[in-house]
Undergrad: 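Next up is a structure, given as structure tokens.
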Amino acid sequence: MKFYASGKIPPTPHMYFVYGDGGTGKTSLFKDFPGKKLLFSFDLSTNVLIGDESIDVFKLEERDMPIMQQELGDLLSRAIGSGRYQAICLDNVTALQNMVLENIDGASKDNRQNYQKLQLWFRQLGTYLRDCGLTVYATAHQIDNGPDKMQGRFSADMNEKTFNAFTSMFDLVGRIYVKDGERLIDLDPEQGNHAKNRIDDRKLVKANELINAKQKKEEK
């Protein structure tokens with residue numbers, strides 16, 4: 001473990017996790033992040049990034065699937081070590097989870113242990129990203145649990161314990177949606193949906209102000 005004397009804890013870049021329906025702009029939101037960026041596309045939804053010269057992309061190929069854990073680990077290590085990027089995006093973690101679980105299932109038939117291994121792998125991934133020194137952005141699909149759900153209607157489309165293990169490292173978790181033609185992100189845990197904001201006190205933000213509004217505040 002690293003030791004920091006009182007008052008000497010270094011600041012770390014923020015980590016953002018946004019989930020929502022398809023077409024709500026999860027992938028395109030990465031354009032708003034400053035600096036040179038790298039996106040890992042697990043659901044192949046990269047058309048919205050065409051023409052953006054600030055974003056490099058690793059796009060999933062079929063041959064990557066059986067070795068996804070090792071492949072992603074190697075690529076992340078190389079990208080972070082290169083010093084070229086200021087932000088990294090994992091798009092879409094729902095698809096990544098399904099591939100990793102399939103690989104774990106293929107190696108073992110104990111269903112309970114498989115999900116424990118899945119949770120552990122995502123916790124290790126989250127810990128690695130937390131310490132990588134870059135801003136991290138991750139996306140996921142959402143599940144609509146129906147209007148009669150007592151504790152929040154919407155959640156990320158992930159195994160619950162895996163979601164908790166992964167996002168425990170993140171500063172912000174929010175649900176993106178469209179209302180009256182405007183993209184909004186719900187950051188309020190009191191609404192019952194998966195949400196938190198440890199960066200500032202905002203509970204509901206316009207999608208295009210998730211990053212930009214904070215930058216403007218710091219510049220002042």
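The residues of the chain are indexed from 1 along the displayed sequence. Values reported hereafter were calculated over all heavy atoms of this structure, with side chains retained and with hydrogens, waters and symmetry mates removed.
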Undergrad: Can you tell me how far apart SG (C89) and NZ (K26) are? Round to the nearest 0.5 Å.
TA: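 So the gap between those two atoms works out to 11.0 Å.
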Undergrad: Check whether any side-chain N or O of K37 sits under 3.5 Å from a backbone N or O of G35 as a donor-acceptor pair, and report yes or no.
TA: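 Here the side-chain-to-backbone pair exists.
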Undergrad: To the nearest 0.5 Å, tell me how far I55 CD1 sits from D52 CG.
TA: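 Spacing of CD1 (I55) from CG (D52) equals 4.0 Å.
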Undergrad: If we only count heavy atoms from C-beta on, is the L96 to L72 side-chain gap below 4.5 Å?
TA: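 Yes. Closest side-chain heavy atoms under 4.5 Å.
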Undergrad: Counting C-beta onward and ignoring hydrogens, is there a side-chain heavy-atom pair between L125 and L90 closer than 4.5 Å?
TA: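 When only atoms from C-beta onward are counted, L90 and L125 do touch, with a gap below 4.5 Å.
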Undergrad: Same hydrophobic cluster for V48 and L29, using side-chain heavy-atom links shorter than 4.5 Å among ILVMFWY?
TA: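 Yes.
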Undergrad: Against Y137, only a single residue in F170, F33, Y16 fulfils ring-ring contact (aromatic ring centres under 6.0 Å, His included); can you say which?
TA: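 That would be F33.
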Undergrad: Between S41 and D91, is a side chain to side chain donor-acceptor pair (under 3.5 Å) present by the stated rule, with each step listed?
TA: CA-CA 5 Å; S41 178; D91 182 44; 4.8 Å; no
Undergrad: Tell me, please, whether F154 has R175 positioned over its six-membered ring: NZ or CZ under 6.0 Å from the ring centre and within 45 degrees of its axis?
TA: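 Yes, a cation-pi geometry holds between R175 and F154.
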Undergrad: Side-chain contact test, heavy atoms from C-beta onward, threshold under 4.5 Å: evaluate it for I211 versus P34 and give yes or no.
TA: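 The answer is yes; the side chains approach within 4.5 Å.
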Undergrad: Go through it in stages, so that I can follow the logic: the residues are M68 and N103, the test is side chain to side chain contact (heavy atoms under 4.5 Å, CB included), and I'd like the CA-CA distance, side-chain angles, deciding distance and then a yes or no.
TA: CA-CA 8 Å; M68 178 49 63; N103 292 342; 3.9 Å; yes
Undergrad: Begin from the C-alpha positions of Q69 and I104 and carry the test side chain to side chain contact (heavy atoms under 4.5 Å, CB included) through to its verdict.
TA: CA-CA 10 Å; Q69 295 97 305; I104 294 173; 4.0 Å; yes
Undergrad: Where is the tightest heavy-atom contact between L38 and V57, given as atom of each residue plus distance?
TA: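 So the minimum-distance heavy-atom pair works out to CD1-N, 4.2 Å.
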Undergrad: What do you reckon, are the aromatic ring centroids of H194 and F163 less than 6.0 Å apart?
TA: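 Yes; F163 has its ring centre under 6.0 Å from that of H194.
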Undergrad: Once salt bridge (Lys or Arg N to Asp or Glu O under 4.0 Å) is applied, do any residues pair with K203, and if so which ones, sequence neighbours excluded?
TA: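 Partners of K203 under the salt bridge (Lys or Arg N to Asp or Glu O under 4.0 Å) test: none.
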Undergrad: Hydrophobic cluster membership, with links at side-chain heavy-atom distances under 4.5 Å among I/L/V/M/F/W/Y: are V18 and L184 in one?
TA: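 As far as the 4.5 Å side-chain criterion goes, L184 and V18 are not connected within one cluster.
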Undergrad: Can you tell me which residue pairs pass the ring pair (Phe, Tyr, Trp, His ring centres under 6.0 Å) test with a partner in residues 48-91, sequence neighbours excluded?
TA: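 Listed by first then second residue: F40-F58.
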Undergrad: Which of these, V205, I176, L210, sits in a side-chain contact (heavy atoms from CB on, under 4.5 Å) with R183?
TA: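 Of the listed residues V205, I176, L210, the side-chain contact (heavy atoms from CB on, under 4.5 Å) partner of R183 is I176.
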Undergrad: In Å and rounded to the nearest 0.5 Å, what is the CG to CG distance from L60 to D43?
TA: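 Interatomic distance, L60 CG to D43 CG, rounded to 0.5 Å: 9.0 Å.
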Undergrad: Say whether, by atom type as modelled, one donor and one acceptor occur between the side chain of S77 and the main chain of G73 under 3.5 angstrom.
TA: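 Judged by distance alone, no pair lies under 3.5 Å.
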Undergrad: Do the charged groups of D171 and R130 touch, with an N to O distance under 4.0 Å?
TA: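 A salt bridge is present here (some side-chain N lies under 4.0 Å from a carboxylate O).
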Undergrad: Considering only heavy atoms from C-beta outward, does the side chain of L39 approach that of F30 to under 4.5 Å?
TA: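 In contact.
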Undergrad: Which heavy atom of I143 sits nearest a heavy atom of A156, and at what distance?
TA: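 Closest pair (atom of I143, atom of A156, distance): CD1-O, 4.2 Å.
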Undergrad: Has Q70 got more than 12 heavy atoms of other residues, nucleotides or ligands less than 6.0 Å from its CD?
TA: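 For Q70, atom CD is not crowded (no more than 12 foreign heavy atoms under 6.0 Å).
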Undergrad: With rounding to the nearest 0.5 angstrom, report the OG1 to CG distance, T12 to L129.
TA: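 One finds 12.0 Å between OG1 of T12 and CG of L129.
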Undergrad: Quick one: are H141 and D21 in side-chain contact, heavy atoms under 4.5 Å?
TA: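 Of all side-chain heavy-atom pairs linking D21 with H141, none is under 4.5 Å.
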Undergrad: Flag the pair I185 / L187 as yes when at least one side-chain heavy-atom distance between them is below 4.5 Å, and no otherwise.
TA: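 Of all side-chain heavy-atom pairs linking L187 with I185, at least one is under 4.5 Å.
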Undergrad: Determine the minimum heavy-atom distance between Q86 and R84, stating which atoms define it.
TA: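 Minimum heavy-atom separation between Q86 and R84: NE2-O, 3.7 Å.
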Undergrad: Is K36 salt-bridged to D56, cutoff N-O under 4.0 Å?
TA: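 Yes, K36 and D56 are salt-bridged.
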Undergrad: Give the C-alpha distance, both sets of side-chain angles, the deciding distance and a yes or no for side chain to side chain donor-acceptor pair (under 3.5 Å) between T46 and K59.
TA: CA-CA 8 Å; T46 56; K59 195 170 183 178; 3.3 Å; yes
Undergrad: Tell me whether L204 shares a hydrophobic cluster with L172, the cluster being built from Ile, Leu, Val, Met, Phe, Trp, Tyr side chains joined at under 4.5 Å.
TA: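 No; tracing contacts between hydrophobic side chains, which count when under 4.5 Å, never links both residues.
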Undergrad: If you group Ile, Leu, Val, Met, Phe, Trp and Tyr by side-chain heavy-atom gaps below 4.5 Å, do V136 and L75 land in one group?
TA: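 Shared cluster, yes.
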Undergrad: Decide whether L44 and F42 are clustered together by the hydrophobic rule: side chain heavy atoms of Ile, Leu, Val, Met, Phe, Trp, Tyr closer than 4.5 Å, transitively.
TA: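 Linked within one cluster.
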Undergrad: Would you say T27 and L49 make side-chain contact, with heavy atoms under 4.5 Å?
TA: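 Of all side-chain heavy-atom pairs linking L49 with T27, at least one is under 4.5 Å.
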Undergrad: Show your working on side chain to side chain contact (heavy atoms under 4.5 Å, CB included) between R202 and N197 and close with a plain yes or no.
TA: CA-CA 7 Å; R202 295 177 297 167; N197 183 4; 4.1 Å; yes
Undergrad: Atom OG1 of T139 and atom CG of N92: how far apart are they, to the nearest 0.5 Å?
TA: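 One gets 4.0 Å once the value is rounded to the nearest 0.5 Å.
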Undergrad: Quick check: do L101 and T162 have side-chain heavy atoms less than 4.5 Å from each other?
TA: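 L101 vs T162: side chains apart.
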Undergrad: Give me the atom names and distance for the closest heavy-atom approach of T24 to Y177.
TA: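 Nearest heavy atoms, T24 then Y177: CG2-CA, 4.2 Å.
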Undergrad: If I take atom CE from residue M169 and atom OG1 from residue T127, how far apart are they, to the nearest 0.5 angstrom?
TA: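 OG1 of T127 is found 3.0 Å from CE of M169.
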Undergrad: Donor-acceptor pair, distance only, cut-off 3.5 Å: does the side chain of Q119 make one with the backbone of Y115?
TA: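 At least one qualifying donor-acceptor pair exists.
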Undergrad: If you look at every heavy atom in A140 and T94, which pair is closest and at what distance?
TA: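 That closest heavy-atom pairing would be CB-OG1, 3.5 Å.
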Undergrad: Using the side chain to side chain contact (heavy atoms under 4.5 Å, CB included) rule, take K196 and R198 through it: C-alpha gap first, then chi angles, then the decisive distance, then the call.
TA: CA-CA 7 Å; K196 67 177 177 181; R198 300 190 302 216; 3.6 Å; yes
Undergrad: Which of these, F122, W121, Y19, sits in a ring-ring contact (aromatic ring centres under 6.0 Å, His included) with F166?
TA: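 Answer after filtering F122, W121, Y19: F122.
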Undergrad: Which heavy atom of D186 sits nearest a heavy atom of A195, and at what distance?
TA: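 Taking every non-hydrogen atom into account, O-CB, 3.9 Å.
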